[in-house]
Amino acid sequence: MDFSVAARLRGLPQPATIAIAQRARALKAAGADVISLALGEPDFPSPPEAVEAAYEAGKRGDTRYPPVGGQPALKAAVIAKFRTQNGLDFAPEQILVANGGKQIIFNAFMATLDPGDEVVVPAPYWVSYPLIARMMGGVPVEAPCREADGFRLRPDVLRAAITPRTKWLVLNFPNNPSGAIMERPDLEALAEVLREAPRIWVLADEIYEHLTFGGRPHVSLAAVAPDLADRILTLNGMAKAYAMTGWRVGFAGGPLPLIRAMTEVQSNATSGVCTLAQAGAAAALGSPFERVAAMRDVYQARRDRVVAALRDMPGLACAMPDGAFYAYPGLAGLVGKVSAGGRPIGSDLDFSEALLEEAHVAVVPGAAFGLSPHVRLSFAASDAHLDEAVRRIGEFVAGCAATG
Ligand SMILES: Cc1ncc(COP(=O)(O)O)c(C=O)c1O
């Protein structure tokens, strides 16, 4: 049959992650002991309160279509969370609950982007922002966040990325993949630039907010610059801090007209989120925060071990991530070498492929995130896996030799 996809899909680049993931699966299927540090998925169980509440919701028959924008109980929990944890005040109509943080982004871009509209995406970035923007006819514009700046977005870099076509700025801190955070003065400096550009909306993706290390506080842009709140969409969700990736519950608070338009998009796509998942999410938001803090402390201990080990490897340079659960070491010292198995390392993609083939460790090449030569390693994995993965990476790196 003659099949061709719609134009909106035709131009989409294949994420660099796909080939690595496919090869990892094939190696595993062939019996290889592959360790994957490629996924951004907590290895903890979901809160028991969430599981219990979902079960109870099912038993009492809370199984009908929910309101598109979110159930009142979850909206109330989200409003309380934004107020107490972020210093942000929202009315129920300013909240949208979606199938994961990802659907919030999808709704927002679908509701607002016209062909040619630009979305400033600081690099390195989570792969979905530019892909979703492109799908909606938008044009992603990269704003480089250099390692020398701690992977933070500098105001002059933001200013240089803005054009008359800019519709959105995406701010994702703590950042996937770099682990960088933005502190109050950093955000104040960006707010100054945004005041000069009154047409621009900001997607503040704060999904890693509770995973900051060394006692560093997370600060919300909308709290730092309340005068800009009428164009900031603050995104969060249950996946990362509460280890609830499979529940598919994300949410956002923002200005009424934007939330209304996003809700209309969602009503024509998925309608409201699964009632049981919403009951679970509301219960998790009300559960003891110490559990989230305990998971954060585990991530911090793993970060310390992984980064210390990576820093000991010749040719690798690893910045200390202040948040999220990824290390993003630079490979500049290895590019140009050849692996022990004879594979030339010309890029982070080459490194990732060779590491997978020769050491059976899966990581994601920085090319996928718009900043090379780096790789992303997730430390959302057990200590045993991390130790073994780091041992193999060390052996692999030590085996890389200069050519000629
Ligand atoms: C930066 C960032 N934002 C949003 C999400 C979306 O999470 P979910 O759709 O699972 O809620 C992810 C997931 O990997 C992420 O890394």
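Whatever order the structure lists ligands and atoms in, that order sets their numbers, starting from 1. Numbers for residues simply follow the sequence, beginning at 1.
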Undergrad: In order of chain and number, which residues sit within 4.0 Å of ligand 1 by heavy atom?
TA: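 If the criterion is a heavy atom under 4.0 Å, then ligand 1 touches Gly100, Gly101, Lys102, Trp126, Tyr129, Asn172, Asn176, Asp205, Ile207, Tyr208, Ala239, Lys240, Arg248.
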Undergrad: For Lys81, enumerate each residue passing the side chain to side chain donor-acceptor pair (under 3.5 Å) test, keeping only those at least two apart in sequence or located in another chain.
TA: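 Side chain to side chain donor-acceptor pair (under 3.5 Å) list for Lys81, sorted by chain: Gln85, Asn86, Glu209.
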Undergrad: Are Phe351 and His374 close enough that their ring centres sit under 6.0 Å apart?
TA: no
Undergrad: Hey, would you say the Phe289 and His210 ring centroids sit under 6.0 Å apart?
TA: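 Yes, close enough.
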Undergrad: Could you work out, with side chain to side chain donor-acceptor pair (under 3.5 Å) as the rule, every residue matching Arg165, not counting sequence neighbours?
TA: Asp117
Undergrad: Among side-chain atoms of Glu147 and Tyr328, is any donor-acceptor pair under 3.5 angstrom?
TA: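 Looking only at side-chain atoms, Tyr328 and Glu147 do not form any donor-acceptor pair under 3.5 Å.
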Undergrad: Checking Pro288 now: which residues fulfil side-chain contact (heavy atoms from CB on, under 4.5 Å) with it, not counting sequence neighbours?
TA: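 Per chain and number, Pro288 pairs via side-chain contact (heavy atoms from CB on, under 4.5 Å) with Glu49, Glu290, Arg291.
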